[in-house]
Amino acid sequence: MQIAKVIVDVPARGTDRPFDYLIPESMRDWVEVGSRVGVPFGHRTVQGFVISLDPQSQTETFKMKPIQEVLDIIPPLSPELVELAQWMSREYACRFITALQVMIPTALKGKAERYISINHSDVDQHEDIEYRETLFAEVSSVNKEEQDIISFIAQKSEVTTQQLSKAFPECAVALKSLLKRGLLQENQSIKDKMQKKTIKGVNLAISSEAAQEIIDQFPAKAARQKEVLQFIVDSIDFLPVAMKTIMSALQVSSGTVKSLVEKGYVTLDDYEVLRDPYKGRHFKPTTPLTLNEEQRRAYDQIMNPLNAYKHGVFLLHGVTGSGKTEVYLQSIQRCLEQDRQAVVLVPEISLTPQMVDRFKGRFGDLVAVMHSRLSGGERYDEWRKIREGKASVVVGARSAVFAPFSNLGLIIMDEEHETSYKQEESPKYHARNVAVRRAQSSGAVVILGSATPSLETYHAAKSQANPDFSPWLLEMPTRALGNKLPDVEIVDMREELREGNRSMFSRSLHAAIVSRLEKKEQMVLLLNRRGYSTFVMCRGCGYVAGCSECDISLTFHQKSNNLRCHYCGYAEPVPQVCPECGSEHIRYFGTGTQRVEEELAKLFPGIRVIRMDVDTTTEKGSHEKLLKQFGDRQADVLLGTQMVAKGLDFPDVTLVGVITADSALNLPDFRAAEKTFQLLTQVAGRAGRHHLPGEVLIQSYTPEHYSIIHASGHDYTSFVREEFNHRRVLHYPPYCRLILVTMSHEQLPLLLRMAENMTSTIQGKARQRGWFGNLDRLTPDALDVLGPVASPIPRIKNRYRFQCMIKWRGNIDAIGLVLESAEQIEDSLHDKNFQISIDIDPQMLM
DNA sequence: AGCACGCCGACT
DNA sequence: GTCGGCGTGCTC
């Protein structure tokens, strides 16, 4: 006898542990580690995941209930993924169930549906159903309303509570009474959100010889049916044939086919089909290119552990255009030859059609694609393609790291420095760490690729100090096509202002744009507005439209012509006059892309601009469409935010202009310089990738800043050397790790007290364990608590927010300590309104 | 998270 | 006397 340990889908602290269930004999072959099951839990049925099968040990069976149903034929998770989820729950201080849940498509997040049926246990000795119902009603002395309900249910044998309340709006009392008296019974079952997509398919019900005979003797008046049957017999190798195919090929209606069904010659059934988001698209097949010497050297190194089926981590540091993708492609090729599968992670923002094309072009239908723009159903189907072995390569954003491959050989993470690899909701995991951990346990190779590696990864590679994360550094310092990196000019905007140029375009950029227009070459203009948004301000009194629930200014959206709160979704129309002083001098602030677009139109009449930002790319496929238009030379300028900086490759782009390089530099974020350097380097890499030489113009108000200087010199090494020094002195990653604890409550004074309490609890525990201390001291183990302070957004949805930051280093369980402190505080006060959120290694500090 | 159990105020 | 308010505690 075995019992199943199940994690139930109830995300609360008290329930976030395994519960034991009996496995009914009939399910013995279906219940595995990773199975999704429906189990009775308290007074209802919930979904859960089997995390282990244990021999039945003690006498603890007295209250053990059996598993009610197994929800999938193939378990959605593997033992390997279950183990990974458990690791995540510790590493990211999240619930086990939350980690499990993030691994499967939301389509499989089933909820219990209640069914009402007649409880026949007392009277079921009678065969005749109708007689049974009458007897049943008499025996139980039911009233008229109750009798109506009973017959309604008897007709359908089983109804959902929703159906019932629709038919009998006021049935609650009667229903309760019937249930109480045991005349009706309630069953629950887990129902998936997503339906599998099916099509009608026709198959032969008899042998093709028999069918041919029938065709030969078919009555002449049923000529259409004869045609259809002949068509089906002719398609014998492709059965079942889709109903649609028959209808369009022979111009018949479905009735014709149905008469054949009635005669018993053919069958008509629903067949499951996979939705293919890339259906009907053709991918130009590509063949492996010859690797140059740098690429070859990197490839050979990667092959060492890969060919030995051993785990290994590489940091592939290659300048923009050095041909990293070709190294990825050929490594995947090798991995597939070993009959293993590969995951390619790309930042959401660069999951462009161009990117997908390259992988589909090389590996065709073996490639599954996963990103947030797919519909729930599409994502579910791509996921099933992977689980059922129909795909061997997945190209996807962050969550693709959980792709249900059974024999994973390679995980590639392109642009490994991108912050979008960190999930901002629970589980707040970083796909890089998860990838490394998953590869460790499955003996796979990880390639982290970037032109501007994150300081954490680069430091780990250089120092080789962390036994769990010591990437091997592979350098590719030159461009694959032999062309040199573009010349970069920094323009001092203060100088421009002194010379009387108050436009957003410097004289150099202006001249450069004019020359491209004359030469009919294309340009990319980048507006780095991280941390900025267009807000509405009154010039008369300085009033700024803000959200009443959150302490943040409302963002102007041109498309819907309203003001929206970024955090809670509140929207209001744009005021015509100032609500404070009545002045009409109300206007939009912040250098939005729309304003640049207007300015371009004014300065360069006839210029064709494609604007790419959150406003123009919300619709499905719009991103793709805009890029295609630009690629087809329907515009001179591609203007946009970060999203124009990543991974695009257009041969005719010879000018890249950065309108304001330093708008992100002054943000209160210790990574500001790193982010600026990375963005400038990335966008500069868009210019002159092919035969035409490229030019880059960076406009800045702080041109002497080291991130701007080194970006203009394409000098990663000098930049990191300088940045490492800053981080070391100020005690920031990679020289320590961070934990951000954010607390929130509706009442400010209460929150303040709790926040103080939290800080001192953490400090106290650290002191007890001998860890507490200033990081300046040279001890290997140290933990310091900063704060509490108000969060950068001090109020969201009418809840005040305070935070404290923990800095720690060494071989100590700081995460456990913080979690323990949070639980202690939660226990000490029974206030559900008090919320604590823990973010391990936060990326967003604002 | 739900849902029931349980112990104190305003109604037929 | 009961209906019902939401505090508290449990779920294999």
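Chain letters run A, B, ... following the sequence lines, proteins first and then strands; every chain starts at 1.
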> Just the endpoints, please: which first and last nucleotides of DNA chain C, 5' to 3', lie under 4.0 Å from a heavy atom of chain A?
Replying inline: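 Going 5' to 3' along DNA chain C, contacts run dT11(C) to dC12(C).
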>> Suppose we screen for side chain to side chain donor-acceptor pair (under 3.5 Å). Which residues come up paired with T761(A), at least two apart in sequence or across chains?
In response: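 Once residues adjacent in sequence are excluded, the partners of T761(A) under the side chain to side chain donor-acceptor pair (under 3.5 Å) criterion are N757(A).
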>> Suppose we screen for ring pair (Phe, Tyr, Trp, His ring centres under 6.0 Å). Which residues come up paired with Y429(A), at least two apart in sequence or across chains?
In response: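 Y429(A) satisfies ring pair (Phe, Tyr, Trp, His ring centres under 6.0 Å) with F402(A) once adjacent residues are dropped.
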>> For the residue pair E572(A) / Y570(A), report whether a side-chain donor-acceptor contact shorter than 3.5 Å exists.
In response: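 Y570(A) vs E572(A): donor-acceptor pair found between side chains.
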> Going by atom types only, do E348(A) and S372(A) share a side-chain donor-acceptor pair under 3.5 Å?
Replying inline: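 Checked: E348(A)/S372(A) side chains pair up, N/O donor to acceptor below 3.5 Å.
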> What residues, two or more places apart in sequence or in another chain, satisfy side-chain contact (heavy atoms from CB on, under 4.5 Å) together with R90(A)?
Replying inline: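 R90(A) satisfies side-chain contact (heavy atoms from CB on, under 4.5 Å) with Q86(A), W87(A) once adjacent residues are dropped.
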Pairs under 3.5 Å (N/O, protein and nucleotides 1-7 of chain B):
residue	atom	partner	partner atom	Å
dA1(B)	N3	R44(A)	NH2	3.2
dG2(B)	OP1	R44(A)	NH1	3.4
dC3(B)	OP1	R114(A)	NH2	3.2

>> Parallel, tilted or perpendicular: which one describes the rings of Y421(A) and H430(A), with boundaries at 30° and 60°?
In response: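 Y421(A) and H430(A): tilted rings.
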> Are K385(A) and E382(A) close enough for a salt bridge, meaning some N to O gap below 4.0 Å?
Replying inline: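 Here K385(A) pairs with E382(A) in a salt bridge, since their nearest N and O are under 4.0 Å apart.
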> Which pairs, with at least one residue in residues 791-808 of chain A and sequence neighbours excluded, count as a salt bridge (Lys or Arg N to Asp or Glu O under 4.0 Å)?
Replying inline: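 Listed once each, the pairs are D551(A)-R795(A).
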>> Categorize P40(A) for me: base, sugar-phosphate, or nothing, with a 4.0 angstrom heavy-atom threshold over every strand shown.
In response: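 P40(A): backbone/sugar contact only, no base atoms under 4.0 Å.
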